[in-house]
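Beneath this line is the structure, given in structure tokens, with notes to follow.
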Protein chains: 2
Amino acid sequence: MTELDPTARTAPHDGPADPRTEAFQGVREARRNELAEDYVELIAELIHEQGEARPVDIAARLGVKVPTVSKTLDRLARDGLITRAKYRSVFLTDTGRALAKECRRRHEIVLRFLISLGLDPETAERDAEGIEHHVSERTLALFAAFANRS
Amino acid sequence: MTELDPTARTAPHDGPADPRTEAFQGVREARRNELAEDYVELIAELIHEQGEARPVDIAARLGVKVPTVSKTLDRLARDGLITRAKYRSVFLTDTGRALAKECRRRHEIVLRFLISLGLDPETAERDAEGIEHHVSERTLALFAAFANRS
DNA sequence: GCAGATTGTTAGCACTGTCTAACTTTATGC
DNA sequence: GCATAAAGTTAGACAGTGCTAACAATCTGC
């Protein structure tokens, strides 16, 4: 019954064998990172726009309460994406900055793609926010090509 | 500071005023329903393919353990999407069936769209699984039009 | 340079979603 | 029709993500 049982289904791979199962596992994996990605992307943006990223601004942008942000920032710090000192604003580590850049890139491509498809910018922004965490590199390349072509 | 403060930002709406904040809130809302949608869609599929939806099959498809499924099914039952009896397989309520149908529709459109964009079917399946919960009706219409046109 | 406003932290609660371990029920194969 | 295998449930742990309430630190405007 375990997913390592080589007699399961038809294929003798390691792993789930069913591509649908792989898809679900991939999605669950992606979902775990979504929030962290939203945070680092937003932190980079705030630093760029306002010179610093304060919990109160992060909370306002995300639409959550400040204590929620505080707790999440602790986790991001623990995971090496940001550094922070008590009662001070937040900084990205190199890792965090790299992730933010990557997220911004994906976000831009998805957004441009949706707009070039004919979507209004507001809906495009909302959809891009949800979609960007779930597009493979391959899809991203197709999106970018489409947006450039049209 | 609260999101109901009419002096916040520039617009005197109720709600967040910043479209980016709305986007984040919408995404969080969508994320809350994703798992339920995955479940009902899968349950409908299993019933169609095999005549019944058993926890063990749901678990195998999703790539999680049976007790996880059991607990989630309790929640779906509590929320009126399925009915179940102890040690028996699972049935969709009318509400659950409607949701499943809606999910399947979205999934199909996204999948067809990605494939018609030029993506290989396996990647398309994986990406569709992640994307389908985050596309607005408006985007879906554009996807469908594109897939039909090409 | 102090009072009051703003911002940030901590503690504690609730719920989700995952797991393992132990148990019960149902199904299967002689 | 009974023993064993398979499936399902329950209990309990743990991390994540949200909240409120209470407290602490910092900032601001006289």
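Side chains are part of it too, since the values below use all heavy atoms of this structure and drop only hydrogens, waters and symmetry mates. Chain letters run A, B, ... following the sequence lines, proteins first and then strands; every chain starts at 1. Computed from a predicted model, the values in this text were never measured in an experiment.
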Check this one for me: any side-chain N or O of Arg54(B) less than 4.0 Å away from OP1 or OP2 of dT26(C)?
no

When you match Arg32(B) and Pro67(B) each to their closest nucleotide on DNA chain C, which lands nearer the 5' end?
Arg32(B)

Can Asp38(B) and Arg31(A) be said to form a salt bridge (Lys or Arg N to Asp or Glu O under 4.0 Å), step by step?
CA-CA 13 Å; Asp38(B) 286 343; Arg31(A) 299 213 261 248; 2.9 Å; yes

When the ring planes of Phe146(A) and Phe113(A) are compared, do they come out parallel, tilted or perpendicular, using 30° and 60° as the limits?
perpendicular

What is the separation between atom CG on Asp74(A) and atom C1' on dG18(D), rounded to the nearest whole Å?
15 Å

Rounded distance in Å - CG (Leu62(B)) to C1' (dC19(C))
15 Å

Please round to the nearest 0.5 Å and tell me the distance separating atom CD of Glu41(A) and atom NZ of Lys101(A).
14.0 Å

So Arg31(A), base contact, sugar-phosphate only, or nothing? Heavy-atom distance under 4.0 Å.
nothing

Measure the distance from CG on Leu73(A) to P on dT10(C) and round it to the nearest whole Å.
12 Å

Rounded to whole Å, how long is the line connecting atom CG of Asp57(A) with atom P of dT6(C)?
14 Å

Distance check needed: dT7(C) P versus Gln50(A) CD, whole Å only.
12 Å

Without decimals, in angstroms, what is the distance between Lys65(A) NZ and dG8(C) P?
15 Å

Kindly say if Ser70(B) contacts the phosphate of dG8(D), meaning a side-chain N or O under 4.0 Å from OP1 or OP2.
no

Quick one about Glu34(A) and His134(A) (side-chain donor to acceptor, distance below 3.5 Å, no hydrogens or angles considered), yes or no?
yes

Nearest-angstrom distance from the residue atom CD of Glu34(B) to P of dG16(D):
18 Å

First of Val66(A) and Arg28(A) reached from the 5' end of DNA chain C, by closest nucleotide
Val66(A)

Of Thr68(A) and Arg88(A), the one whose closest nucleotide on DNA chain D sits nearer the 5' end is Thr68(A)

Just checking, is any N or O donor in the side chain of His107(A) or Glu125(A) under 3.5 Å from an acceptor N or O on the other one?
yes

For the pair made of OH in Tyr87(A) and C1' in dT9(C), what is the distance, rounded to whole Å?
5 Å

Base, sugar-phosphate, or nothing for Lys71(A), non-hydrogen atoms under 4.0 angstrom?
base

